[in-house]
Amino acid sequence: MGKKKVPVEDLIVPPQDTKICGTICICQMTLVLSSVALVYLTVAIYMPSTRAFNSGIAEVPVMCTTTRAVNKDNCEWGSCGEWCLSKTSGACIQIYVNLRNNGSSLTLANCTNSANKTCYGIDQENSKKARCIADECKNLTGTFNCTAGACINITDAFECVFANTDPPLKCSGRRGKITCIEITGLFSCSRGTCRKIRTPYNCDRRCVDIPTRNKNIVLLSGDKVYLSQCQSAIDKETQMEVWNEEEDNVMMASCYNIQNTSYGVEAVDCVNGSTLDKNVLTDLTNFTYLSYLHYAVAKPQKLIAPIEQELLLWNDSRLMINLEGCVNTLQDECKEFLREYGKDGTDHNARARFPCFYSDGNKEVVVARFNLEVTYRQFLFASILPSVLFVVSCVTLILCQRTVVVGDDAKMRFKCVNANTILPPGSKNNSQHNLGDGGGGGADTVMAL
């Protein structure tokens, strides 16, 4: 005889109270997320903030000028990394700067006949490149700046003076493409035949027609030139007049920023103040000659603005975007940072000049971003919010553990603190004591919400 089959009874789980289940689920999720947040924020916020508080870095910025940007493989440090939770690996860019004190801030009074001239150089990222591997270099004519076989025409932007070149390379035909596929440096080309320009050479920007007629103020600011006819120049800090039009000469300086204010034209961080005889300037001039006059012909005047070399604090500091040298936003911040701060003049444009922060105990490292007030607010917010959520969810789960019980009907209920007995539904006493059924309270009361 075969074995008799035992009927299997289907277990029916009654619907649970959504308030109890929802509370427990939300608290468990909040507990897990707040725990993960505390672990993550330890690395992302707490440790960097503590390091910033103890760094000794002054909150008043000084000035930095980029001297070189080095692209290395597998370097020990980089100026900016996109993710702080992993060590920098692969290629990275190291930016070195000159660190100096701030220059003078000047207010130019009663200025008229003003002019602004921007001398655009070559935009390395957006300029059209001739790729020798694709046979685009066979007709090159002019002066080209080449990197690994990709050449940019700089003929219209720069005028290069040189004495010696290497033997010619023919960049057309199959053999020519193989020869020119990795050319790097400055080349003078004629119909696809290129000669590498040997050092020393001098390339100056073709920025012409700068109006200097009836101008007694000339301020250089990177790739920009500001010219005007002003009555006087006043040092903003000392409120002392450092130049007056009655001197009958031209005041020159190199400034970080120039802007119009309600008090007049304000020039920030001016260095290398000097004066130039009026008869040296003609009606029009070019950027190269103006720079030459400023640094080689004009007479230095420290009263107007100090000499840049005398303000130098350190001449080869490592630049970091912040104390960690990285960001966690994953929004390509580093790409923009390296593009802006990595201008070292090798592309014949002006070097990057910007405010930076340093510690007296370590001038070899400077940071571009540092704000203790913002760091303090972030530290408080990142500390209080997840900690409160962690404590509240943890306490709520503990209370649920002590007050929520499962009856014989597999349904969760809240019980009073003094409850000793849980009665199943349908029992004689349950209808009297179950608050969910409208019963009264007592020592053994079970509340169904």
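The first residue in the sequence is number 1, and the count goes up from there. Nothing here was measured: the structure is a model prediction, and the numbers come from that model.
- Two residues are said to be in side-chain contact when any heavy atoms from C-beta on lie closer than 4.5 Å; Val366 and Ser317 meet this criterion.
- Residue Asn54 qualifies as enclosed at atom CG: its count of foreign heavy atoms under 6.0 Å is above 12.
- Around the NZ atom of Lys117, the shell of radius 6.0 Å holds more than 12 heavy atoms that belong to other residues, nucleotides or ligands.
- No side-chain donor-acceptor contact under 3.5 Å links Thr30 and Ser393.
- Ion pairing between Arg51 and Glu324 holds under the 4.0 Å rule for side-chain N and carboxylate O.
- Taking a 6.0 Å sphere around CD of Gln309, one finds it holds 12 or fewer heavy atoms contributed by other residues, nucleotides or ligands.
- Between atom OG1 of residue Thr212 and atom CG of residue Leu293 there is a gap of 9.5 Å, rounded to the nearest 0.5 Å.
- At least one donor-acceptor pair under 3.5 Å links the side chain of Thr261 to the backbone N or O of Gly264.
- Between Tyr358 and Leu313 the shortest side-chain heavy-atom distance falls below 4.5 Å.
- In plain terms, the two heavy atoms of Leu372 and Ala52 that are nearest each other are CD2-O, 3.8 Å.
- Here the closest non-hydrogen pair linking Phe337 and Cys80 is CD2-CB, 3.9 Å.
- Looking only at side-chain heavy atoms (C-beta outward), Cys160 and Leu186 come within less than 4.5 Å of each other.
- Judged by distance alone, the side chain of Asn249 and the main-chain N or O of Leu276 form no donor-acceptor pair under 3.5 Å.
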If you apply the rule side chain to side chain contact (heavy atoms under 4.5 Å, CB included), what do you find for Phe390 with Ser35, and how did you get there? CA-CA 7 Å; Phe390 179 85; Ser35 301; 3.2 Å; yes

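- Cys334 does not pair with Cys326 as a disulfide, the SG atoms being 2.5 Å or more apart.
- Panel note: side chain Asn216, backbone Cys230; a donor-acceptor pair is recorded below 3.5 Å.
- Shortest non-hydrogen contact noted between Ala305 and Ser104 is CA-OG, 3.9 Å.
- For the atom pair OG1 (Thr118) and CG (Asn116), the distance works out to 7.0 Å, reported to the nearest 0.5 Å.
- Atom CZ of residue Phe381 and atom CD1 of residue Ile45 lie 10.0 Å apart, to the nearest 0.5 angstrom.
- Under the 4.5 Å side-chain criterion, counting only non-hydrogen atoms from C-beta, Tyr295 is in contact with Ser254.
- The heavy-atom pair separating Leu323 from Ser55 by the smallest distance is CD1-CB, 4.1 Å.
- Asn286 places a side-chain N or O within donor-acceptor distance of the main-chain N or O of Thr288, the cut-off being under 3.5 Å.
- Closest approach of Lys196 and Gly185 over heavy atoms only: CE-CA, 4.3 Å.
- Side chain of Asp277 to main chain of Val280: no donor-acceptor pair is present (N/O by atom type, distance under 3.5 Å, no hydrogens or angles).
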Start with the C-alpha distance between Ile321 and Val367, add both sets of side-chain angles, then the distance that settles side chain to side chain contact (heavy atoms under 4.5 Å, CB included), and finish with yes or no. CA-CA 5 Å; Ile321 188 171; Val367 295; over 6 Å; no

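- Between Asp269 and Arg353 there is a salt bridge, with a side-chain nitrogen of the basic residue lying less than 4.0 Å from a carboxylate oxygen of the acidic one.
- In this structure, Cys171 and Cys194 have their SG atoms no less than 2.5 Å from one another.
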Would Ser79 and Tyr341 count as a side-chain hydrogen bond (donor to acceptor under 3.5 Å, both in side chains) here? Give the steps. CA-CA 10 Å; Ser79 292; Tyr341 292 83; over 6 Å; no

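- Rounding to the nearest 0.5 angstrom, the gap separating the CH2 atom in Trp243 from the CD atom in Gln301 is 12.0 Å.
- Heavy-atom contacts from other residues, nucleotides or ligands closer than 6.0 Å to CD of Gln239 number more than 12.
- Per the SG-SG cut-off, Cys356 and Cys64 are bridged by a disulfide [distance under 2.5 Å].
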Determine, step by step, whether Cys151 and Cys137 satisfy the disulfide (SG to SG under 2.5 Å) criterion, reporting the C-alpha distance in whole Å, the side-chain angles of both residues, the deciding distance to 0.1 Å, and the verdict. CA-CA 8 Å; Cys151 297; Cys137 295; 4.5 Å; no

CA sep, side-chain torsions, deciding dist, call: Arg198, Asp166, side chain to side chain contact (heavy atoms under 4.5 Å, CB included): CA-CA 7 Å; Arg198 291 183 180 179; Asp166 287 346; 2.6 Å; yes

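- The neighbour count for Glu246 CD, taken as heavy atoms of other residues, nucleotides or ligands under 6.0 Å away, does not exceed 12.
- Here the side chains of Asn98 and Thr66 are not in contact, with every heavy-atom distance at 4.5 Å or above.
- Distance alone, capped at 3.5 Å, is enough to place a donor-acceptor pair between the His294 side chain and the Asn272 backbone.
- The line from CG of Leu33 to OH of Tyr40 is 14.5 Å long, rounded to the nearest 0.5 Å.
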Does the pair Phe144 and Ile152 meet the rule for a side chain to side chain contact (heavy atoms under 4.5 Å, CB included), with working shown? CA-CA 5 Å; Phe144 291 83; Ile152 301 175; 6.0 Å; no

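- Put simply, the side chain of Ile181 does not reach to within 4.5 Å of the side chain of Cys132, judged on heavy atoms.
- Under the 4.0 Å criterion applied to side-chain N and carboxylate O atoms, Arg318 and Glu364 are not assigned as salt-bridge partners.
- Other residues, nucleotides and ligands contribute at most 12 non-hydrogen atoms within 6.0 Å of the OH atom of Tyr292.
- Using a 4.5 Å heavy-atom cutoff, the side chains of Phe354 and Leu319 are in contact.
- Crowding of Lys363 atom NZ: a count of heavy atoms from other residues, nucleotides or ligands under 6.0 Å exceeding 12.
- Expressed to the nearest 0.5 Å, how far CG of Leu169 lies from SG of Cys180 amounts to 5.0 Å.
- The backbone N or O of Leu284 lies less than 3.5 Å from a partner atom in the side chain of Thr282, making a donor-acceptor pair.
- Within the 3.5 Å criterion, the main-chain N or O of Val250 finds no donor-acceptor partner in the side chain of Thr275.
- With respect to the salt-bridge test (charged N to carboxylate O, under 4.0 angstrom), the residues Glu333 and Arg369 qualify.
- Residues Val225 and Leu227 meet the side-chain proximity criterion, which asks for heavy atoms closer than 4.5 Å.
- A salt bridge does not link Glu82 with Lys335: every distance from a Lys NZ or Arg NE/NH1/NH2 to an Asp or Glu carboxylate oxygen is 4.0 Å or more.
- Classified by interplanar angle (parallel below 30°, tilted 30° to 60°, perpendicular above 60°), the ring pair Phe379/Tyr46 is perpendicular.
- No side-chain donor-acceptor contact under 3.5 Å links Lys215 to the backbone of Tyr226.
- Remark: Arg68 is positioned above the aromatic ring of Tyr96, its terminal NZ or CZ atom under 6.0 angstrom from the ring centre and at most 45 degrees off the axis.
- When atom types are taken as modelled, the side chain of Arg195 and the backbone of Ser188 share no donor-acceptor pair closer than 3.5 angstrom.
- Residue-environment remark: CD (Gln259) exceeds the threshold of 12 foreign heavy atoms within 6.0 Å.
- Closest approach of Thr141 to Asn153, counting heavy atoms only: O-ND2, 4.4 Å.
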